[in-house]
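Note that the numbering runs from 1 along the sequence shown for the chain.
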Amino acid sequence: METIMEKKDIKSLYLTELEEAVRSLGDKPFRAKQIYQWLHEKLVTDFDEMSNLSRELRGKLKEHFYLTALEPVDVKISQIDGTRKYLFRLADGNVIESVWMQYHHGNSVCISSQVGCRMGCRFCASTLDGLARNLTAAEMLDQIYRIQSLTNERVSNIVIMGSGEPMDNYDNVIRFLHMISDDHGLHISQRNITVSTCGIVPGIRKLAEEDLQITLALSLHAPNDAVRKTLMPIANRYALADVLDACRYYFEKTGRRLTFEYSLVSKVNDNLGEARALAALLKGMHGHVNLIPVNPIKERDYVQSGQKAIQDFKNYLEKNGINVTVRREMGRDINGACGQLRKSFLEEEGKEVEEV
Ligand code: SAH
């Protein structure tokens, strides 16, 4: 009887695992280093590009492994600041989006960690159709690899702030973080990597134990549980006091200052009473607040706070000793909140199918 062997995802393997795999194929472990270099430094998309391997070894690799390579299907380029939004197709037909932004300190990529999301935040487009599936480590890596190849520019910063909740795909995200910062790969400094979470307490505590130097960003969005529950269903599961305790623990363990994201929604969380409560809540915490004027999505009727409300909110926090920045809107002309490019692509595709 013929046994059907399932192929393994070669790009998601750590170097040590690849060495083991190469040894079990009867080859020398140093070949694994060469393969790893092709995958994670030279960023090839096909086994046949690995020109220092014998044809025989390439054949064996193809038999036992598949090689994840995202297919770019769309890109929107901002005429204002050069920001690029990429839409990639995965091997199973799902699509995800990633954003490339140029800053004076280098190029930053915002990657997705899941196809869709099941957290249900009320203002977010990524979660409207729920979660399709987790991304593998290779699919997270390849968002950066493809973008670096397409732009021909080095990526120096990464934010895991695209679609998905990183703590809901914990093991693959950890694997990704190790591989992207590995000196056998792109070797991006962990200090230049930010993971953003809606506030899953056990995930934050576990991350604190990983001995990583990454920045943790907490999506706060409200100074109390009552308002937070109206915006984020996860607030029904974890009380704000416990989320902030987990953040304090993260700082104690890692010494890394936190980022608190606060999306300003008109008449929902942007009055001065809320600024006062926020200042009191964060007093003595090591970190800063990043105010994000909410990016309205057509499926909900949330409205962005006005310029004056944003400035007043910011000034109040500043006067009360809280470090605060207002997120600069990148790529305003190719606007669309997180997950909107993917969503509109799927809607267009749906229309085409209906028309047939
Ligand atoms: N699941 C992670 C990453 C999500 S996206 C998290 O919740 O942190 C990164 C940030 O963008 C989060 O703070 C998220 O709440 C915020 N966000 C999502 N949609 C937004 C919108 N339409 N306007 C403003 N901020 C938004």
Side-chain angles (χ1 to χ4, degrees), residues 6-13 38-40 42-49 61-62 65-78 83-101 107-118 124-153 155 158-166 168-169 172-173 175-176 179-180 186 297 331 334-356:
E6 219 179 283
K7 289 191 188 186
K8 280 210 175 117
D9 171 13
I10 196 167
K11 204 180 267 184
S12 286
L13 295 181
W38 283 114
L39 294 170
H40 301 285
K42 299 182 183 165
L43 316 183
V44 300
T45 56
D46 198 299
F47 289 110
D48 285 329
E49 291 176 72
L61 292 177
K62 284 182 212 168
F65 298 100
Y66 64 90
L67 201 166
T68 297
L70 307 188
E71 181 200 340
V73 287
D74 195 11
V75 58
K76 299 236 179 317
I77 305 176
S78 165
T83 295
R84 294 171 182 228
K85 288 199 174 189
Y86 289 96
L87 198 69
F88 292 113
R89 197 191 317 271
L90 310 176
D92 65 357
N94 274 305
V95 291
I96 53 169
E97 60 182 86
S98 327
V99 187
W100 180 79
M101 292 159 285
N107 299 315
S108 181
V109 171
C110 173
I111 66 162
S112 296
S113 56
Q114 297 180 311
V115 182
C117 184
R118 57 176 180 156
C124 180
S126 303
T127 199
L128 289 167
D129 298 323
L131 176 69
R133 69 168 173 86
N134 282 332
L135 294 182
T136 63
E139 287 166 335
M140 287 182 259
L141 290 167
D142 215 47
Q143 293 173 58
I144 295 151
Y145 296 177
R146 293 286 65 81
I147 288 180
Q148 184 158 299
S149 304
L150 289 163
T151 57
N152 241 324
E153 289 208 38
V155 172
I158 299 166
V159 292
I160 309 187
M161 289 190 183
S163 296
E165 167 52 43
D168 195 34
N169 183 16
N172 290 336
V173 166
R175 184 173 277 270
F176 161 81
M179 293 177 82
I180 198 69
L186 288 191
I297 56 174
I334 50 167
N335 220 350
C338 317
Q340 279 193 340
L341 181 58
R342 167 171 179 263
K343 182 122 181 72
S344 55
F345 178 82
L346 294 177
E347 281 166 4
E348 280 304 310
E349 225 180 27
K351 268 189 228 145
E352 278 165 32
V353 172
E354 277 163 29
E355 279 161 18
V356 171

Practice task
Taking salt bridge (Lys or Arg N to Asp or Glu O under 4.0 Å) as the test, write out the residues that go with Lys62, two or more places apart.
Solution key: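 Result, salt bridge (Lys or Arg N to Asp or Glu O under 4.0 Å) vs Lys62: Asp48.
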
Donor-acceptor contact present, side-chain [X] to main-chain [Y], <3.5 Å:
X      : Y      : answer
Asn169 : Ser113 : yes
Arg342 : Ser126 : no
Asp74  : Leu87  : no
Glu71  : Arg89  : no
Ser112 : Glu97  : yes
Arg84  : Val75  : no

Exercise for the section: Give the intermediate values and the outcome of side chain to side chain contact (heavy atoms under 4.5 Å, CB included) for residues Leu61 and Leu67. Expected result: CA-CA 10 Å; Leu61 292 177; Leu67 201 166; over 6 Å; no

Would you name the heavy atoms of [X] and [Y] that are closest together and state the gap between them?
X      : Y      : value
Ile96  : Gln114 : CG2-O, 4.4 Å
Gly116 : Leu131 : O-CD1, 4.0 Å
Ser12  : Ala138 : OG-N, 3.0 Å
Gly331 : Thr83  : N-OG1, 3.7 Å

Handout entry: Option among Lys11, His40, Met140 that satisfies the side chain to side chain contact (heavy atoms under 4.5 Å, CB included) test with Met179
Key =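 When Lys11, His40, Met140 are each tested with Met179, the side chain to side chain contact (heavy atoms under 4.5 Å, CB included) holds only for His40.
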
Handout entry: Spacing of Asp142 atom CG and Thr68 atom OG1 [to the nearest 0.5 Å]
Key =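 With rounding to 0.5 Å, CG (Asp142) is 7.0 Å from OG1 (Thr68).
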
Problem - Atom pair CD (Glu165) and CD1 (Ile160), whose distance is rounded to the nearest 0.5 Å - result: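 Those atoms lie 10.5 Å apart.
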
Taking side chain as C-beta onward, heavy atoms only, is [X] less than 4.5 Å from [Y]?
X      : Y      : result
Trp100 : Leu150 : no
Arg146 : Phe88  : yes
Ile297 : Leu128 : yes
Tyr145 : Ile180 : yes
Leu186 : Leu43  : yes
Ile111 : Ile147 : no
Ile144 : Phe176 : yes
Leu90  : Val95  : no

Exercise for the section: Would you indicate whether Arg133, at its atom CZ, is surrounded by more than 12 heavy atoms from other residues, nucleotides or ligands within a distance under 6.0 Å? Expected result: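 Atom CZ in Arg133 is crowded, with more than 12 foreign heavy atoms closer than 6.0 Å.
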
Exercise for the section: Inspect the surroundings of NZ in Lys8 and state if more than 12 heavy atoms from other residues, nucleotides or ligands are less than 6.0 Å away. Expected result: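 At most 12 heavy atoms, drawn from other residues, nucleotides or ligands, come within 6.0 Å of this atom.
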
Handout entry: Test log, rule side chain to side chain contact (heavy atoms under 4.5 Å, CB included), inputs Leu135 and Val115
Key = CA-CA 7 Å; Leu135 294 182; Val115 182; 3.6 Å; yes

Practice task
Using distance alone, with no hydrogens and no angle criterion, decide if Asn107 and Glu153 have a side-chain donor and acceptor under 3.5 Å apart.
Solution key: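 Result is yes, a qualifying pair exists.
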
